Amino acid sequence: MLKKLGLFEEEGKEDIGWVRSELVREAMMVAASSGILVVPRGQRAEGTELRFAVTPCTVLPTRFPKRAYQAAERVQPIINKLVDRVSRDASWLRKCLKSTLEVDEFTRQLAEIFDISQQDCIPPHLQPPSFVVIRNDFMLSQPEGVSFYDSSIKHVEINTIAASFGMLSDRITRMHHRLYKRLQRICGAIVKLEAVEMETEELPVASVESTLVEGFACALEKYKDYCANVWKPPVSVNEGTPSELVIVIVVQPGEYNAFDQHHLQASIMERTGVRVVRMSLQDIWQRKIEPEKEGIDLGEPQPMLLKDGKGCCGLVMEAAIVYFRAGYTPADFPTKVFWDSRRYIEQTRAIKCPNIAVHLTGSKKIQQELAQPGVLERFLDASEIDELRSTFTGLYSLDIEEYNNNEDEFNGLLDSFASEPQKYVLKPQREGGGSNFYDEDLVDKLKSMRVNHKEELKAYIVQDRITPPIQQSFLLDSKPTGDVIETTVELGIFGAYVSTPMDGEEVEFHCNVSGGHLLRTKYKESKEVGVAAGFGFVDSPLLVDG
């Protein structure tokens, strides 16, 4: 329909220029009124001087093969299960991360917290439930000779911490429903196409909010059950005043993506009636209360108690859930206090989303290990493995010990990466976008490490580069120009689960839900797609069959 209208064509541009202007104008109004906003970089995240901008997004949805989208939806619950099982296999996690910890300081610090949590030796029935919000990211792969409709999905990464933009994605999906319906009527009038009602399956429903809120509601109830079965709630300190049960969102100072978080905060409060507070790691450290230092025994593990506000009224909050939207990058830990705060949170009875084991499970090294022959069989049933494995690309370790210290084989592999760098991506153990190496940067980084810091290679993996189809998108940034640009897309599917250990190695899932998408569009020349990192635009898929 878009091609017939000529919206993306240079010829005849003047004839349909008013259509672009009309769509851009309406998109700006819908975005502003729906809270599809971000905090511009350099602005204060709190206070009266705050300024807002429209989230970088597309004016219209982008075509996506329906079969590929459905395949991504099918594997999401399997990955939820996989993450839970891997995170509970402490010996396997340590073995796989051993070489990475020798050279990657950030991952080593996380692993130290993991080791402390394991040394506490809390029996299974006293361990808090595990609550995880996951987003699995996929790219379309369209090798030469394959039609767009037959493009397949290939797995890019598992995001086990701070999976973001879900709430804004829902709002953009609803905006696209509205604008696409408007465009159908325009198209019918201009090129004499029949203006029919949009079929619901063309644009997937906006369902990230329901997935996430269901997970939070379930986790909150399980925390109450957990405390009731082991201790006598509510916790009372400060002359017997009961603490207020709250959910804490750990945020970065000056948060760019604050509106995505505020939308979720409001939805959780509406569903559960429990207050949701935003705090930095430093805030938590400064406002923590440690009853054991005052001779008050509240059992082990200790509840996570915090002073409410400035603490002047003696009111106390008890954190039932700590949801991390920060803590995934070294920049989030500028001083020792931030690490002390993260360690303190892990040792409390609050449900961590994610706990430190799940955080480590999302590392690139674990992803590379899971792609090796025979490894998925350790964690999944045979019926679940084939479809998940079909989404994997080639993933390669850069630890020579995994090649039996065979220097000829290892150097040959490195030479192959350097000779055809356009086929590969060099990835460190980092989240948040902007850390990968491509093309000549990959060649230079490998050369530098081979010559000067050979041990540093262990901190990286190499992944086959995916060849996505190129499309045209109608982009909207802070300046409402509505540029039409050649782009590629990356699809994220959300999931959430709550689980508790039982006797032996059994685990009970109280909820295991998946649903909702985040489609991100980037310039075809761009190597990264992170919206918060400044590379991508939030989009939604228009599902098509050939």
Side-chain angles (χ1 to χ4, degrees), residues 31 34-36 55 57-58 61-62 64-81 83 131-140 153 155-178 180 198 200-219 249 257 259-268 270-272 323 325 353-354 362 391 489-498 509 511-521 529-532 536-543:
S34 304
I36 304 174
T55 302
C57 62
T58 61
T62 298
F64 199 96
K66 188 173 183 178
R67 290 189 292 273
Y69 184 90
Q70 291 171 333
E73 286 189 311
R74 286 196 300 272
V75 301
Q76 177 63 49
I78 300 172
I79 294 177
N80 286 358
K81 180 179 176 181
V83 167
F131 171 40
V132 184
V133 171
I134 291 175
R135 194 189 72 229
N136 276 285
D137 291 340
F138 304 89
M139 287 183 69
L140 283 174
I153 54 163
H155 194 249
V156 177
E157 63 181 355
I158 305 173
N159 297 279
T160 59
I161 181 170
S164 61
F165 283 102
M167 301 297 284
L168 292 188
S169 177
D170 273 5
R171 283 159 175 77
I172 286 171
T173 295
R174 288 192 284 267
M175 179 182 82
H176 284 169
H177 272 271
R178 174 173 166 175
Y180 194 72
M198 181 175 55
T200 56
E201 64 267 19
E202 283 188 299
L203 277 168
V205 296
S207 57
V208 178
E209 180 175 354
S210 60
T211 295
L212 300 189
V213 172
E214 181 177 346
F216 274 93
C218 178
I249 302 181
N257 195 20
F259 280 86
D260 184 59
Q261 298 169 6
H262 280 294
H263 290 316
L264 179 59
Q265 182 178 355
S267 295
I268 294 170
E270 183 178 356
R271 168 74 179 269
T272 66
Y323 174 47
R325 291 293 290 261
C353 181
T391 69
V489 300
E490 187 169 305
L491 174 70
I493 300 293
F494 282 85
Y497 71 81
V498 179
F509 279 88
C511 75
N512 181 4
V513 293
S514 63
H517 57 263
L518 169 66
L519 193 71
R520 290 172 295 172
T521 285
V529 75
V531 179
F537 298 77
V538 184
D539 198 346
S540 72
L542 177 65
L543 303 185

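Since the structure is predicted, the reported quantities are computational estimates derived from the model, not experimental observations. The residues of the chain are indexed from 1 along the displayed sequence.
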* To do: State, without any angle test, whether T173 and H517 hold a side-chain donor-acceptor pair at a distance under 3.5 Å.
  => yes

* Output the distance between atom SG (C511) and atom CZ (F131), rounded to the nearest 0.5 Å. => 7.0 Å

* Please state whether the rings of H263 and F259 are parallel, tilted or perpendicular, taking 30° and 60° as the class boundaries. => tilted

* Using a 4.5 Å cut-off on heavy atoms from C-beta on, say whether the side chain of N136 contacts that of V75. => no

* Asked: So do M175 and C57 actually touch side chain to side chain, heavy atoms under 4.5 Å?
  -> yes

* Structure fact -> OH of Y69 to CG of L543, rounded to nearest 0.5 Å, is 6.5 Å

* Structure fact -> Value for CG (L140) from CZ (F64), rounded to nearest 0.5 Å, stands at 3.5 Å

* Does the T211 side chain pair with the main chain of G515, one donor and one acceptor, at a distance under 3.5 Å? -> yes

* Which heavy atom in V538 sits nearest to a heavy atom in V531, and how many Å separate them? -> CG2-CG2, 4.0 Å

* Structure fact -> Which of D137, T62, T58 passes side-chain hydrogen bond (donor to acceptor under 3.5 Å, both in side chains) with R520? It is D137

* **Under 3.5 Å: donor-acceptor pair, side chain of R171, backbone of M167** => yes

* To do: Report yes if the side chains of H155 and I79 come closer than 4.5 Å at any heavy-atom pair, otherwise no.
  => yes

* To do: Determine the minimum heavy-atom distance between L491 and A72, stating which atoms define it.
  => CD2-CB, 4.0 Å

* **Residues forming a side-chain contact (heavy atoms from CB on, under 4.5 Å) with S164, sequence neighbours excluded** => R135, N257, D260, R325

* **Within-4.5 Å side-chain heavy-atom neighbours: V205 and H177** => no

* Structure fact -> Between the CG atom in L518 and the CD atom in E490, the distance rounded to the nearest 0.5 Å is 8.5 Å

* To do: Enter the distance from Y180:OH to L203:CG here, rounded to the nearest 0.5 Å.
  => 7.5 Å

* Asked: Do side-chain atoms of T272 reach the backbone of A217 as a donor and acceptor pair under 3.5 angstrom?
  -> no

* Are side-chain heavy atoms of L212 and V133 found at a separation under 4.5 Å? -> yes

* Asked: What is the minimum heavy-atom distance between F494 and G166, and which atoms define it?
  -> CZ-CA, 3.5 Å

* To do: For the pair T55 (side chain) and I36 (backbone), establish whether a donor and an acceptor sit closer than 3.5 Å, ignoring hydrogens and angles.
  => yes

* To do: Kindly give the heavy-atom pair with the smallest separation between P61 and P541, and that separation in Å.
  => CB-C, 4.3 Å

* To do: Could you grab the distance from atom CD of Q265 to atom NE2 of H262, nearest 0.5 Å is fine?
  => 6.0 Å

* **Donor-acceptor contact below 3.5 Å, side chain N80 vs main chain Y497** => no

* Can you check whether I134 reaches Q76 side chain to side chain, under 4.5 Å on heavy atoms? -> yes

